[in-house]
Amino acid sequence: MTQELILKAELQPTPEMTAMLTSTADAVIEDAYALVIDSATMADIANDEMRQAKTQAKRLKELRDLFVAPAKQIIETADGMFRPRMEALLKAEGIYKTKLLEWKSEQDRIAAEAQRKAAADARRLREEAEAKAAAERAKAEQIAAAKRREAEAAAEAQRKAEAEGNKRAAQAAAARQAKLEEEARQSTDRAEATAAELTMTAAAAAPVVAAVPSAPAGFGARKNWVAELAEGMGEADAIRLIARGIVEGRNDLITLLKLDMSAANKLAKAQEQHMSVPGLVAVNRPIATSRAA
């Protein structure tokens with residue numbers, strides 16, 4: 001806008017407006033409350049006052065509309081100046097929010113997929129390491145078992161040599177037994193060390209998941225759970241299922257079936273005393289009518 005735009009209007013009441021606005025609104029209401037209808041004459045007076053009130057209210061509305069027309073025009077003009085830009089900015093904000101939410105959802109999906117893949121890779125590496133460790137332990141146990149059998153044979157040879165009084169042979173057998181038992185222990189220890197190394201190697205080789213990119217400053221997303229119709233379900237279908245749930249004891253669902261009294265009133269006007277709706281009854285409550293004076 002290249003220059004300042006000044007919008008103004010002067011509202012000047014007419015003599016007719018001034019005359020009709022001399023008495024206060026409370027005084028009019030007090031007069032209506034004060035009138036007592038206890039005869040046909042008072043009923044006629046009340047009817048005349050009612051018609052006068054209706055006529056004056058109608059005229060005052062006409063005068064008010066004329067009185068505020070310039071101000072309304074200014075408001076409409078100002079609204080026309082500001083509203084398009086405001087609406088465009090709000091729409092742009094919504095577009096940006098949608099795009100940012102889509103970006104964040106995609107980043108979360110990528111991170112979740114990377115986490116899933118990393119967990120699968122880590123599990124595979126761990127299982128491979130455990131399988132290799134088990135194989136090493138089994139191999140070591142076979143060697144150790146053979147060594148222990150040889151050690152038992154050496155022990156038997158020692159006992160036999162001692163029974164025969166062959167001291168040198170007994171000592172040699174005892175030395176061989178000790179050597180074989182140590183070799184069996186070393187075989188088991190090496191297998192456990194190899195298994196531990198395989199486990200640590202697998203843990204170190206597990207992939208590291210990159211951090212999810214942080215959201216731009218000032219932007220965030222919060223939970224927003226909403227109820228939607230299930231796939232293939234129409235509103236009428238959902239209402240029937242909710243009603244069935246209530247019949248079966250789901251009283252917590254009652255608040256979902258809001259009673260539409262506006263629709264019930266239309267039904268009462270159409271069917272009058274013949275209306276038949278469980279829990280409702282049609283009642284005739286007369287409405288007074290009047291003509292302006």
With sequence neighbours left out, what residues match [X] under side-chain contact (heavy atoms from CB on, under 4.5 Å)?
| X | answer |
| --- | --- |
| Gln73 | Glu76, Thr77 |
| Asp237 | Met233, Arg240 |
| Leu125 | Glu128, Ala202, Ala205 |
| Glu272 | none |

Any chance you could measure [X], atom [atom1], to [Y], atom [atom2], to the nearest 0.5 Å?
| X | Y | atom1 | atom2 | value |
| --- | --- | --- | --- | --- |
| Asp121 | Arg126 | CG | CZ | 11.5 Å |
| Arg85 | Leu90 | CZ | CG | 11.0 Å |
| Arg185 | Lys147 | CZ | NZ | 13.5 Å |
| Asp108 | Lys104 | CG | NZ | 4.0 Å |
| Glu162 | Glu164 | CD | CD | 11.0 Å |
| Glu136 | Glu197 | CD | CD | 10.0 Å |

Tell me whether [X] at atom [atom1] has more than 12 heavy atoms from other residues, nucleotides or ligands lying less than 6.0 Å away.
| X | atom1 | answer |
| --- | --- | --- |
| Glu235 | CD | no |
| Glu182 | CD | yes |
| Arg244 | CZ | no |

(Q) Any non-hydrogen side-chain atom of Lys61 less than 4.5 Å from a side-chain atom of Lys58? (A) no
So, for [X] and [Y], which heavy atoms are closest and what is the spacing to 0.1 Å?
| X | Y | result |
| --- | --- | --- |
| Ala46 | Leu35 | CB-CD2, 3.7 Å |
| Leu229 | Ala238 | CD2-CB, 3.7 Å |
| Leu63 | Met17 | O-CE, 3.5 Å |
| Ala133 | Ala195 | CB-CB, 3.4 Å |
| Arg137 | Ala191 | CA-CB, 4.0 Å |
| Ala170 | Gln158 | O-CG, 3.5 Å |

Q: Give the intermediate values and the outcome of side chain to side chain contact (heavy atoms under 4.5 Å, CB included) for residues Ile110 and Gln107.
A: CA-CA 5 Å; Ile110 293 173; Gln107 295 305 308; 4.3 Å; yes
Is the shortest side-chain N to carboxylate O distance from [X] to [Y] below 4.0 Å?
| X | Y | result |
| --- | --- | --- |
| Lys179 | Glu183 | yes |
| Glu113 | Arg116 | yes |
| Glu127 | Arg124 | no |
| Glu156 | Arg159 | yes |
| Lys97 | Glu93 | yes |

If you link ILVMFWY side chains whenever their heavy atoms are less than 4.5 Å apart, which other residues fall into the same cluster as [X]? By chain and number, please.
| X | answer |
| --- | --- |
| Tyr33 | Ile29 |
| Val226 | none |
| Leu256 | Ile239, Ile242, Ile246, Leu253, Ile254, Leu257 |
| Leu280 | Leu259, Met261, Leu267, Met275, Val277 |

With sequence neighbours excluded, what pairs up with [X] under the side chain to side chain donor-acceptor pair (under 3.5 Å) test?
| X | result |
| --- | --- |
| Arg109 | Glu106 |
| Arg190 | none |
| Glu141 | Arg148 |
| Glu228 | none |

Q) Glu30 and Asp26: side chain to side chain contact (heavy atoms under 4.5 Å, CB included), yes or no, with the steps? A) CA-CA 6 Å; Glu30 289 172 0; Asp26 290 340; 4.3 Å; yes
Q. Should Met86 and Arg83 be marked as a side chain to side chain contact (heavy atoms under 4.5 Å, CB included) after you check the CA-CA gap, both sets of side-chain angles, and the distance that decides it?
A. CA-CA 5 Å; Met86 290 170 58; Arg83 187 181 65 254; 5.6 Å; no
Q: Answer yes if Ile37 and Ile45 sit in the same cluster of Ile, Leu, Val, Met, Phe, Trp and Tyr residues linked by side chain heavy atoms under 4.5 Å apart, and no otherwise.
A: yes
Q.
The test is salt bridge (Lys or Arg N to Asp or Glu O under 4.0 Å); show your working for Glu102 and Lys99 and say whether it passes.
A. CA-CA 5 Å; Glu102 290 174 350; Lys99 288 180 175 291; 5.8 Å; no
Q | Ile143 backbone acceptor or donor facing Ser187 side chain under 3.5 Å | A | no
